[in-house]
There are 2 protein chains.
Amino acid sequence: MSVHPTTLKTYASRISQHPNPTAKRVLEIMERKKSNLCVSVDVTTADEVLEVIRRVGASVCMVKTHCDIISDFTLEFANELVRLSKELDFVIFEDRKFADIGNTVTLQYSSGTHQISSWSDLTNAHPLPGPGIISGLSSVGKPLGRALLLLAEMSSAGNLATGEYTKQAMKMARDAGREFVVGFIAMGRVDVAEQEDWLIMTPGVGLAAKGDSLGQQYRTPREVVYESGCDVIIVGRGIYGIKGGEEAVKKEAERYREEGWKAYEERLARN
Amino acid sequence: MSVHPTTLKTYASRISQHPNPTAKRVLEIMERKKSNLCVSVDVTTADEVLEVIRRVGASVCMVKTHCDIISDFTLEFANELVRLSKELDFVIFEDRKFADIGNTVTLQYSSGTHQISSWSDLTNAHPLPGPGIISGLSSVGKPLGRALLLLAEMSSAGNLATGEYTKQAMKMARDAGREFVVGFIAMGRVDVAEQEDWLIMTPGVGLAAKGDSLGQQYRTPREVVYESGCDVIIVGRGIYGIKGGEEAVKKEAERYREEGWKAYEERLARN
């Protein structure tokens, strides 16, 4: 299999390929912190979220949230999240997986209890409802300099984001242009055409576990970054769920950061 | 084209076909109120939601919400919604379109600001992430007597829920059984095999408009209920968005109820 040219470039050299300010910032942080690690913080109170972020913040380029599982979410909490993202130098990625028609996602992104567009640098959407979902989200997010990932593939067992579906996701991104859509959630380099440079972010990464009881499946950082050519590894329970308190979590985040970066350097070494 | 046997049965006679208590209740209300109308309430404050419901409540079998677009959502508001659903005799359908892996949707359904499972009789999910999404939601909703619809098709232009995707959605529902999954969001009778009786609910219904600028497409109640054999019509802005205040909205809801019911009686008359 031929090597995708984008995987032979440094993150730094790719900054100029991206017109979107959030995409640029992601690549800048990755280079600066030598980190392609995103920690997914799936805990259910604001204090727990902030605690995990303080522990892992130094090691990550990105923090992934599910604001709708936080029982005491407030906009003050969101402000604190934004403050921490500046202090600790990471991008906030609300993993909302928008999946409705354009008119509805416009409201879901901008309004409600969560007002996601006001604090989240990056969010994602399923291409399933058609191009109207991108237009709707873009009408809110693009003027704010936000960015969108499309889910081209998923990590869970028996998912339907495969084959023709994935191709259609790619096409929808190309048709939308690169001003707001900056990349994909995918398990590998879905942007096979030579000249393309999309950010590929990959969930389901773990060094130990092979899966959970509800269909999640795990691969190692090396499999994801070196073998599959993805840009950002997303790790959740594998880091914040480890036993041993603050020091253990910090150490585990560092271990994943190192593993991810090593796999990236290994892929550059093929030059 | 042969007529689907389920479309020749009365809603009342179908009650015994459904093991799920919420599905039974939907069919009972439909028969009692002579209504196959669901109003989708896509407004952004709690007061507006309650106002729309008080206006349309007498005419509907179901109210569809997007709790995450309501800026001042509280659990007290949700309690009032539940109280109104009993007083005015309708089922609450939170149109959440869950679309994540099993572990995440379990939390999104039960936790967070919205605690959807505590007040919503019915919700829906995309089959996209694979069967783990049903297992996850079922672990929360089934013990509470809640029900789930899978999105087998969508109403928006260029959507990818077609062909093999729709078939896989059907298969996933069959594999899950009928204790928690009670039907589909679809544009027609996707349950083609003869013995099946699923509830088919259909968005994108309007008597006047043909679409919006973000890809939504509309069909009439007769096209949806008589021609396509669907069970519940979902109407949004076409009813609550009409000019003329309370009386105009009430009247428009009645007009849709009558159109939907007439189409249902017309389909029964083919017996």
Side-chain angles (χ1 to χ4, degrees), chain A residues 40 42-44 66-74 95-108 110-116 125-133 135-136 139 151 154-161 163-165 168-169 172 203-204 212-216 236-237, chain B residues 40 42-44 66-74 95-108 110-116 125-133 135-136 139 151 154-161 163-165 168-169 172 203-204 212-216 236-237:
Chain A
S40 174
D42 300 335
V43 291
T44 57
H66 281 298
C67 62
D68 57 354
I69 69 172
I70 304 169
S71 56
D72 53 348
F73 179 94
T74 59
D95 186 9
R96 175 57 178 79
K97 294 187 174 69
F98 289 104
D100 213 315
I101 64 171
N103 183 64
T104 301
V105 296
T106 302
L107 295 170
Q108 290 174 322
S110 62
S111 310
T113 311
H114 299 118
Q115 298 182 26
I116 294 168
H126 287 294
L128 186 57
I133 192 169
S135 318
S139 71
L151 287 117
M154 295 189 76
S155 55
S156 45
N159 79 77
L160 308 179
E164 189 55 31
Y165 183 98
Q168 289 298 321
M172 233 180 266
D212 71 9
S213 62
L214 293 171
Q216 175 68 306
R237 291 166 273 176
Chain B
S40 173
D42 299 335
V43 291
T44 57
H66 281 299
C67 62
D68 57 354
I69 69 172
I70 304 169
S71 56
D72 53 347
F73 178 95
T74 59
D95 186 10
R96 175 58 179 77
K97 293 187 174 68
F98 288 104
D100 212 316
I101 62 171
N103 183 63
T104 301
V105 296
T106 302
L107 294 169
Q108 289 175 322
S110 62
S111 309
T113 310
H114 298 118
Q115 299 182 26
I116 295 168
H126 287 295
L128 186 57
I133 192 170
S135 319
S139 72
L151 286 116
M154 294 190 78
S155 55
S156 46
N159 79 77
L160 307 180
E164 189 55 31
Y165 183 98
Q168 290 298 321
M172 232 179 266
D212 72 9
S213 62
L214 292 171
Q216 176 67 309
R237 291 166 272 175

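Just so it is clear: chains get the letters A, B, ... in the order the sequence lines come, proteins before strands, and each one is counted from 1. Owing to the predicted nature of the structure, the values given are computational and were not obtained by experimental measurement.
In this structure, the side chains of A:Leu160 and B:Glu164 stay at 4.5 Å or more apart for every pair of heavy atoms. Considering only heavy atoms from C-beta on, A:Leu107 comes within 4.5 Å of B:Thr44 through its side chain. For the pair A:Arg96/B:Asp68, a side-chain contact is recorded, criterion being any heavy-atom separation below 4.5 Å from C-beta on. Here the side chains of A:Thr106 and B:Leu214 are in contact, with some heavy-atom distance below 4.5 Å.
Residues passing the side chain to side chain donor-acceptor pair (under 3.5 Å) test with B:Gln115, sequence neighbours excluded: none. For B:Asp100, the salt bridge (charged side-chain N to carboxylate O under 4.0 Å, His left out) partners are A:Lys97, not counting sequence neighbours.
The two residues A:Pro131 and B:Gly158 come nearest to each other via the heavy atoms CD-O, 4.0 Å.
With chain A as partner, the option from B:Ser110, B:Ser71, B:Ser111 having the largest number of non-hydrogen pairs under 4.5 angstrom is B:Ser71. Options A:Asn159, A:Ile133, A:Ile69, A:Leu128 differ in how many heavy-atom pairs under 4.5 Å they form with chain B, and the most are formed by A:Leu128. Across A:Met172, A:Arg237, A:Gln168, the residue that shares the most heavy-atom pairs under 4.5 angstrom with chain B is A:Arg237. Counting heavy-atom pairs closer than 4.5 Å to chain B, the top-ranked of the candidates A:Gly132, A:Ala161, A:Gly112 is A:Gly112.
Between A:Tyr165 and B:Tyr165, the two ring planes are parallel [angle under 30°; tilted spans 30° to 60°].
No donor-acceptor pair closer than 3.5 Å links the side chain of A:His66 to the backbone N or O of B:Thr104.
The CG atom of B:Asn103 sits 11.5 Å away from atom OG of A:Ser156, with the distance rounded to the nearest 0.5 Å.
With a 4.5 Å cut-off on non-hydrogen atoms, A:Asp72 does not touch chain B at all. Looking at A:Pro127, the atoms closer than 4.5 Å to chain B (heavy atoms on both sides) sit in the backbone and in the side chain alike. With a 4.5 Å cut-off on non-hydrogen atoms, A:Gln108 touches chain B through its backbone and its side chain both. For a residue to count as touching a neighbouring chain, one of its non-hydrogen atoms must lie under 4.5 Å from one of that chain's; by this rule A:Ala157 touches chain B with the backbone only.
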